[in-house]
2 protein chains.
Amino acid sequence: MNAHPQAVDPRRYDVVRLVQELTTASLRFTDRAGAVRGLHRSDLNALQALAKARDEGRSGLSAKQLAEALTLSPSATTTLLDRLERAGHVTRGLDADDRRRVTISMTESAGAEARAMFGPLAAAMMEMMSGFDDEEIEVVARFLRAATDIVDQMER
Amino acid sequence: MNAHPQAVDPRRYDVVRLVQELTTASLRFTDRAGAVRGLHRSDLNALQALAKARDEGRSGLSAKQLAEALTLSPSATTTLLDRLERAGHVTRGLDADDRRRVTISMTESAGAEARAMFGPLAAAMMEMMSGFDDEEIEVVARFLRAATDIVDQMER
DNA sequence: AGTTATTCGTTCGATGATCGAAGGATTCCA
DNA sequence: TGGAATCCTTCGATCATCGAACGAATAACT
């Protein structure tokens, strides 16, 4: 049921495909940019999670939190942290409150790598957006927020 | 040089972050949906490349084309095709023109899997877009095309 | 307080995706 | 026709990830 309540608007369906193309293009870009620096997907995901945590005010994440954010097993997370620590992108600190926990923090070098990877892309996007007026940008932002919400909700 | 030609417009910078959030959310969703079906990223990428080829009229891709699309070594591609063939999602055919080539085609079961994975997401997106009028959808489409172009160009 | 249960991170052995090198088959070119 | 290039596969090795088990630290229960 509910298969074809009415004919699908082709323009809107195009947008669905465009979203998919954007995400796969971004995926390819990220993989490539990371590979050049010896970082694979999980490493990038971890750094991004740490960066997000930092931007939201938290000083660092525990290994467990990271494992959950990455949907990674505890043992895999240990290996990943060994890797990132060896590369100098992350430090392991002891949690004062709970001494079972290990607090993970990004180093400055990780931030520099991130900027080197994504800075040019962000700059190009900013320039591209000069072709949109403020009202249009607002529409785009509204769409992106709504689309992200939907994808996130499908996730559970 | 060229660090701050002028102050960055915060609204536009927000959009950059929103794009990133959308892509990472989509990535998580895809990984999860695939894992449930025993498909990992490379398998999904391969099926998507095949679907795209089919939608563009090409009957199938050669193993080499697939390897390039996935940035995968020839040997890894062989293994991947073994896997997909064993799962019944793909068939290997001989190319009539060049008998070195192996022509890869999606099976009907692969299409069914794809619909099961992405159909509900697409439906939710379509419904979400009813909150946008035609003119706004056109703006969004223009933005998505431009953003994808940029990401693709950064890729080289 | 003391004992038990839970949580956290790590280590260990195993699995599997991917890689590079080498090889057989086919096609291109001179 | 013969040599070079292309295509896919096989083989051995590497590395990320997993599950199970462990020691340390905390929480819960009595």
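Fair warning: this is a prediction, and the values are worked out from it, not measured in the lab. Quick note on labels: first sequence line is chain A, next is B, and so on, each numbered from 1. Worth knowing before you read on, the calculation uses all heavy atoms, side chains too, and leaves out hydrogens, waters and symmetry mates.
Residue pairs meeting the ring-ring contact (aromatic ring centres under 6.0 Å, His included) criterion with at least one partner in residues 8-65 of chain A, sequence neighbours excluded, are absent. Residue pairs meeting the salt bridge (charged side-chain N to carboxylate O under 4.0 Å, His left out) criterion with at least one member in residues 61-75 of chain B, sequence neighbours excluded: Lys64(B)-Glu68(B). Pairs of residues two or more places apart, or lying in two chains, that qualify as salt bridge (charged side-chain N to carboxylate O under 4.0 Å, His left out) and include a residue from residues 14-29 of chain B are Asp152(A)-Arg28(B), Glu155(A)-Arg28(B), Asp14(B)-Arg17(B), Arg17(B)-Glu21(B).
Using a 4.0 Å cut-off between charged nitrogen and carboxylate oxygen, Glu108(B) and Arg115(B) count as a salt-bridge pair. Salt bridge absent: Asp95(A) and Arg100(A) never bring a charged side-chain N and a carboxylate O closer than 4.0 Å.
Looking at residues two or more places apart in sequence or on another chain, you find no side chain to side chain donor-acceptor pair (under 3.5 Å) involving Thr24(B). For Glu138(A), there are no side chain to side chain donor-acceptor pair (under 3.5 Å) partners, not counting sequence neighbours.
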Extract from the structure each pairing of a protein N or O with an N or O of nucleotides 1-3 of chain D at less than 3.5 Å, listing the distance.
none

Which atoms of nucleotides 17-21 of chain D (N or O only) lie under 3.5 Å from a protein N or O atom, and what are those distances?
unit_1, atom_1, unit_2, atom_2, d
dT17(D), OP1, Ser42(A), OG, 2.4
dT17(D), OP2, Arg83(A), NH2, 3.2
dC18(D), OP2, Ser73(A), N, 2.8
dC18(D), OP2, Ser73(A), OG, 3.0
dG19(D), N7, Ser75(A), OG, 3.4
dG19(D), O6, Ser75(A), OG, 2.8

Polar-atom pairs under 3.5 Å, protein N or O versus N or O of nucleotides 24-27 of chain C: list them with distances, or write none.
unit_1, atom_1, unit_2, atom_2, d
dT27(C), OP1, Arg99(B), N, 3.1

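A donor-acceptor contact shorter than 3.5 Å is absent between the side chain of Ser62(A) and the backbone of Val102(A). Between the side chain of Arg83(A) and the backbone N or O of Asp43(A), no donor-acceptor pair lies under 3.5 Å.
Crowding of Glu127(B) atom CD: a count of heavy atoms from other residues, nucleotides or ligands under 6.0 Å not exceeding 12.
Here the P atom of nucleotide dA17(C) and the CG atom of Leu39(B) are 11 Å apart, to the nearest Å. Here the P atom of nucleotide dA17(C) and the CG atom of Leu70(B) are 15 Å apart, to the nearest Å. Between the CG atom of Leu61(B) and the P atom of dC7(D) there is a distance of 14 Å, rounded to whole Å. For the pair Arg101(A) CZ and dT26(D) P, the computed distance is 10 Å after rounding to whole Å. Nucleotide dA24(D) holds its C1' atom 12 Å from the CG atom of Leu94(A), rounded to whole Å. For the pair Leu44(A) CG and dA16(D) C1', the computed distance is 14 Å after rounding to whole Å. If you measure from atom NZ of Lys64(A) to atom P of dA24(D), you get 20 Å, rounded to the nearest angstrom. One atom, CZ of Arg92(A), and another, C1' of dG9(C), lie 9 Å apart when rounded to the nearest Å.
In this structure, Leu94(B) stands alone, with no Ile, Leu, Val, Met, Phe, Trp or Tyr side-chain heavy atom under 4.5 Å from its own, directly or through other members. Applying the 4.5 Å side-chain rule to ILVMFWY residues, one finds Leu27(B) in the same cluster as Leu27(A).
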Name every donor-acceptor pair, under 3.5 Å, that has one atom in a side chain of residues 48-58 of chain A and the other anywhere in the protein, sequence neighbours excluded.
unit_1, atom_1, unit_2, atom_2, d
Glu56(A), OE1, Arg58(A), NH2, 2.4

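Where the helix from dA1(C)-dT30(D) to dA30(C)-dT1(D) starts and where it ends, the local axes point in directions that differ by 30°; five pairs per end, rounded to 10°.
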